[in-house]
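Reading through the structure tokens given below for one structure.
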Amino acid sequence: MNGLHLMPPVASSVAPRLDALFWFAVALCAVVALGVFATIVFLAVRYRRGSNASRAGGSGRTLTIELSWTFVSFALFIALFLWSLFLFTELHTPPRDAQTIYIVAKQWMWKTQHPGGQREINTLHVPLGKPMRLIMTSQDVIHSFYVPAFRVKQDVLPGRYTQLWFTATRAGTFPLFCTQYCGLDHAQMIGSVVVMAPADYAHWLRRQGTPSTLAQTGAALFRSRGCSGCHGTNAAVHAPELHGLFGRAVHLSDGSTVIADERYLRDSIMLPNLQIVAGFAPIMPSFAGQLDEDEVLALVAYLKSLATPEQDLGASP
Amino acid sequence: MSDAATVAADHGHDGIEEHFDDASQQREAAAFGMWVFLATEILFFGVLFASYTICRVLYPQGFAVASRHTDLVLGTIETVVLLTSSTLVMLGLRALQLDRRRAATALLGSTAALGFAFLVLHGFEYYREYTERLIPGLNFHQEGPQARAVELFFCLYYAITGFHSLHVLIGATLILILTVRVARGAFGPRRHTTVELTALYWHLVDIVWLFVFPLIYLIGRAG
Amino acid sequence: MSAIDTAALPAPNFLARDDSLIAWLTTRDHKRIAILYTLGITFFFFLGGAAATLVRLNLIEPTGTLLSAATYNKSFTFHGVVMVWFFLLPSIPVTLGNFLLPLMIGARDLAFPRINLASWYLYMLGGLFTIAALLAGGVDTGWTFYTPFSTMFANSNVYLVVIGVFVAGFSTIFTGLNFIVTTHTMRMPGLTWFRLPLFVWAMYTVSLVMVLATPVLAMTLALIGLERGAGVGIFDPALGGDPLLFQHLFWFYSHPAVYIMILPAMGVISEIVACFARRRVFGYTFMTYSMLGIGAVGFLVWGHHMFVSGQSLYAGIIFSLLSFCVAVPSAIKVFNWTATLHKGDISFDAPMLYALGFIGLFMFGGMTGLILAAPALDVPLHDTYFVIAHFHYVMVGGSVMAYLGGIHYWWPKITGRLYSEGWARFAAILMFFGFNLTFFPQYMLGYLGMPRRYHSYLPEYQLLNILSSAGASILAVAYLLPIAYLLWSLRYGARAGDNPWNARGLEWQTSSPPPLENFTRRPTVREAYAYDETAP
């Protein structure tokens, strides 16, 4: 049994500022609470039955007092709200240069996929000092990815991608918890995040062997599952262009426009009739039930790698 | 008002419950109670309408396709049936207030009959949907790219029309019971609160249908 | 009912008349129905408490060896379901509200006595279904029934629990309907709205929330049943549905539900503080509008349960702002109760001890709610023990303390007997300490990162867990004590006069216990809380 700590280790770029906000909030609560407690104790003693204190006169005009403490409380609450607003927005906005790692949660384990193809179960190796962006999905029920040392958490949903980002600022091993009740072994769905100096991390990546990168796996799937049959360069069928698709605006048949992010790519594969590209017939079959989440992530990684039109779709990498 | 009269209200057989001070308080309480109950019914159906709206926004084309599988003819007849029944129940209540017992009995009886007719017509709809394999969880099987959305539509369709039909059944039964009691003289110009409040309930059932009909039946049929 | 020595009490009181079981089970008297409810509420409190005992015993050891994971998961689910729907939500309204509302407005009964009795039967029927689910093997979804776990993965006892809660929901709706109509139409002449005691305002406001929120729960539960039974895809992403839709629908009800739990408590506290400080409540008008404000704005904040659920950033910001707004009326009430003590004539009888405990613990819990309402802080704290500590502070430190305070305060009126003040004060103080020892360590566990609903945990959390479980054992004793001395008082307690506390309020102008028709002589209406007038 360790000694009594008050906080988890401070291990991410946002953690010190979150802790500062937390202690500000605690201080605010303490000040108000102590103020009220002290007032209650003072009044209870002074005006206890049988005491000599004068009860003459009423409470006087009370509206000023009531309005004052209403507005002062409200002002303090709003200060807390605004400070939190800025931090929350930051938590929701990953830096542009963040490296992406894919997480698939399932009862009751975490599967990690690095872009270079390295896979881990219940462990996530990350480099120190670099922003990391996790794209996460679940294979079954809702889970939640929580690393107390980083102060980050995000629910992981089936059928959708959610994201979380952090920059680790301390090397070491930190617990990872599932924190959305997900069934029998919810409490066993624990892992670790291992933060290494960048050189060590690169070394670790190499040491995992060199399986195909995630994008290479995706390319193989693209061929083997028949995607290139319609989306390949010489396909007979009129299908949307996939080169440079990722990150671009797409015009849909109902007149709206979306940005082709990871969610869009996944939905196009699994729920193709949800959003139909303008000018195309809704003839793409759904691959729901035929691909598991790891394979979809591989395809997504592959499509993300198709930055330039020169890359030949369907050709061997 | 003497203390005795205030606190020990012995109303005998004048139809006023003993915890009320007088008839007008009892009437006011009953009417207000019915309005509060109707508010809860609106919220109850509101969840279904909210879910329907959200799914419709997610799958506009799918829902349009699905809506065309519903029977517009039967749906229209059902709408006419319910609207007529609401008119009849109003007229029946008025006849009661004018002490025209036979007319009131006939009108209330017709209201109940139309209510049951609605259920029969809806039964035909359900039967047809059964033969076309449109019942999720039972025999749903549809082809085409919009099949998922159609299934979702029909899930909501059965939930909404199912709960609505349950309310129609309850309402029609209550009105039938009231018809019998009116025929036996249980109500008159000075005693008809129960009929009035049941009519209110029937109007709510009708109004809910007025939302159901365009949302479910007419959506995919414009243009 | 023979434990109450009815022969010794004044002849025509509501307890003494027709004492048979049938008479009790077919009663239309709101006072008897309140007692029937109290028996049910007490039973379910100890049933939910037994589940909590299992949970805290298991958590003494980090490896959680006492219970299997399956049993543990079913235990915390059962604890949540029973405590929320069969204890907290009904508690004060169906016991104290049922008993006191007609008395406080000078009426002979509620507007719809038969519906009142039906409400009790529905409540018991709902409870029966829930117990059936337990006997059938239990449910492990958590009281929140998140999809797709509850619809696709959990066992089929979910149906039984869902039906139980659905039925109990109608009990709540009928009670709320009854209270609203009664308050509107049956106030005695001269009793205008702003002369009403704050307890009546609390019952009225909570009834509005009950009546508007509970139907949403009913339909959401029906949709879970449909989804399980018919394979409907509203919430299942594999079928094109949205699991977040369930969360929105569920929390749209469940957030107002927590205000249903706290508003009646606030009403009770206002009555007690006014009586034992012998002052009218400070800022009566602000107090009434605060309650209405809490009830109304409480419908707009549900998304603060979903900051990390995957809902959009903008939704999170709006829900956060509204959540901060709803804290303001609660803060006003705490300040006003404190100010009521000023120039008062304060005594520290047991009800007052409960009330003072409430003010402190509710305020503390409420402020930690503010911490959670800040989304950036909610990110590390959501679904950890910090949240558990927060809601237990407001619900147990708040609502339960208020319920017990109210039971003690009105016990003489309801039963005609006085309880042992020494034991009552001891129990109240023991409860306060036991409560803090149980739940304060949980705030610390939460910030340290211990997730909730964990059957086992990392060893570094053990010390705080042991402290918490130790506190729970003290709390258990403190809850059992009132059962003992209150029951004892029914037979051996001194007889209470009409107004043992020398309180204001119409209920104290009739005998203890009251007669069947509540008043034998028409009560006198005056300003609410006329404590500065010498005549009672």
Side-chain angles (χ1 to χ4, degrees), chain A residues 1-2 4-8 18 21-22 25 29 32-33 36-37 39-40 43-44 47-49 55 59 62 66 69-70 73-74 77-78 80-81 84-85 87-89 91-92 141-142 144 146 148 151-155 157-160 162 175 177 179-187 271 288, chain C residues 69-70 73 142 146 148-149 153 237-238 240 243 282-283 286 308-310 313 316-317 320-321 324 327-328 331-332 334-335 338 341-347 356 359-360 363-364 367-368 370-371 374-377 379-380 382-384 444 447-449 451 453-456 458-460 462-463:
Chain A
M1 214 167 20
N2 297 336
L4 200 61
H5 299 291
L6 279 181
M7 297 192 306
L18 262 170
L21 175 59
F22 179 70
C29 296
V32 176
V36 173
F37 285 147
T39 311
I40 290 179
L43 292 175
Y47 293 107
R48 70 192 181 285
R49 195 155 294 176
R55 275 83 165 174
S59 300
T62 62
E66 296 190 73
W69 63 42
T70 305
S73 317
F74 191 59
F77 296 167
I78 292 299
L80 187 58
F81 164 74
S84 166
L85 181 69
L87 266 177
F88 189 54
T89 310
L91 281 166
H92 261 249
V141 296
I142 302 180
S144 191
Y146 174 43
R151 314 288 188 276
V152 292
K153 177 186 292 130
Q154 176 61 51
D155 278 8
L157 270 55
R160 271 177 67 159
T162 52
F177 296 123
T179 191
Q180 181 64 250
Y181 179 72
C182 54
L184 186 69
D185 281 331
H186 169 59
L271 297 168
Chain C
N73 296 341
Y146 272 21
F149 184 76
F153 292 82
F282 185 89
F286 266 76
V308 296
S309 65
L313 172 67
I317 293 172
S320 171
L321 181 61
F324 278 94
V328 174
I332 289 175
V334 169
F335 299 148
T338 307
L341 299 175
H342 182 53
K343 295 197 177 166
D345 187 24
I346 307 169
S347 70
L356 292 173
I359 294 172
M363 181 179 55
F364 202 68
M367 303 214 75
T368 53
L370 279 178
I371 295 180
L377 290 176
V379 168
H382 177 67
D383 265 335
T384 66
M444 300 165 71
Y447 204 71
L448 282 168
R453 298 174 166 172
Y454 262 38
H455 150 257
S456 60
L458 297 185
E460 62 235 44
Q462 185 175 23
L463 173 61

What's the shortest heavy-atom distance between [X] and [Y], and which atoms?
{"X": "C:Ala376", "Y": "A:Leu21", "answer": "CB-CD2, 4.1 Å"}
{"X": "A:Leu18", "Y": "C:Tyr447", "answer": "O-OH, 4.2 Å"}
{"X": "A:Gln180", "Y": "C:His382", "answer": "NE2-NE2, 4.4 Å"}

Less than 4.5 Å to any heavy atom of chain C: does that hold for the side chain of [X], its backbone, both, or neither?
{"X": "A:Ala33", "answer": "both"}
{"X": "A:Ser73", "answer": "side chain"}
{"X": "A:Leu91", "answer": "side chain"}
{"X": "A:Leu157", "answer": "side chain"}
{"X": "A:Tyr146", "answer": "side chain"}

With a 4.5 Å heavy-atom cut-off, do [X] and [Y] have their side chains touching?
{"X": "C:Pro380", "Y": "A:Pro148", "answer": "no"}
{"X": "C:Leu377", "Y": "A:Phe88", "answer": "no"}
{"X": "A:Val32", "Y": "C:Met367", "answer": "yes"}
{"X": "C:Phe149", "Y": "A:Cys182", "answer": "no"}

[X] side, atom [atom1]; [Y] side, atom [atom2] - distance, nearest 0.5 Å:
{"X": "A:Leu85", "Y": "C:Leu321", "atom1": "CG", "atom2": "CG", "result": "9.0 Å"}
{"X": "C:Lys343", "Y": "A:Tyr47", "atom1": "NZ", "atom2": "OH", "result": "6.0 Å"}
{"X": "C:Leu370", "Y": "A:Cys29", "atom1": "CG", "atom2": "SG", "result": "6.0 Å"}
{"X": "A:Ser84", "Y": "C:Ile317", "atom1": "OG", "atom2": "CD1", "result": "9.0 Å"}
{"X": "C:Asp383", "Y": "A:Phe177", "atom1": "CG", "atom2": "CZ", "result": "13.0 Å"}
{"X": "A:Leu43", "Y": "C:Leu341", "atom1": "CG", "atom2": "CG", "result": "5.5 Å"}

Considering only heavy atoms and a distance below 4.5 Å, find which of C:Ser309, C:Ala374, C:Gly142, C:Gly283 pairs most often with chain A.
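Answer, by heavy-atom pair count under 4.5 Å with chain A: C:Ser309.
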Identify which of C:Leu313, C:Leu458, C:Ile359, C:Thr338 forms the greatest number of heavy-atom pairs closer than 4.5 Å to chain A.
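Among the listed options, the one with the most contacts to chain A is C:Leu313.
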Salt bridge (charged side-chain N to carboxylate O under 4.0 Å, His left out) partners for A:Arg49, two or more places apart
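Expected list: C:Asp345.
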Checking C:Pro243 against chain A: side chain, backbone, both or neither under 4.5 Å from a heavy atom?
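Just the side chain, heavy atoms under 4.5 Å.
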Any side-chain to backbone donor/acceptor pair from A:Arg160 onto C:Gly310? Under 3.5 Å, distance only.
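Yes.
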Just say parallel, tilted or perpendicular for the rings of C:Tyr454 and A:His186, cut-offs at 30° and 60°.
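It falls in the perpendicular class, over 60°.
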Strictly by modelled atom types, are A:Tyr181 and C:Asn73 linked by a side-chain donor-acceptor pair under 3.5 Å?
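Their side chains do contain a donor-acceptor pair, which is all the 3.5 Å distance test asks for.
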Tell me, out of A:Thr162, A:Ile142, A:Leu87, who's got the most heavy-atom pairs with chain C below 4.5 Å.
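Option with the greatest count: A:Ile142.
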Looking at A:Pro175, A:Ala288, A:Pro158, which has the largest count of heavy-atom pairs under 4.5 Å with chain C?
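The residue among A:Pro175, A:Ala288, A:Pro158 with the greatest pair count is A:Pro158.
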Applying side-chain contact (heavy atoms from CB on, under 4.5 Å) to A:Val141 and C:Tyr146, what does each step give before you reach the verdict?
CA-CA 9 Å; A:Val141 296; C:Tyr146 272 21; over 6 Å; no
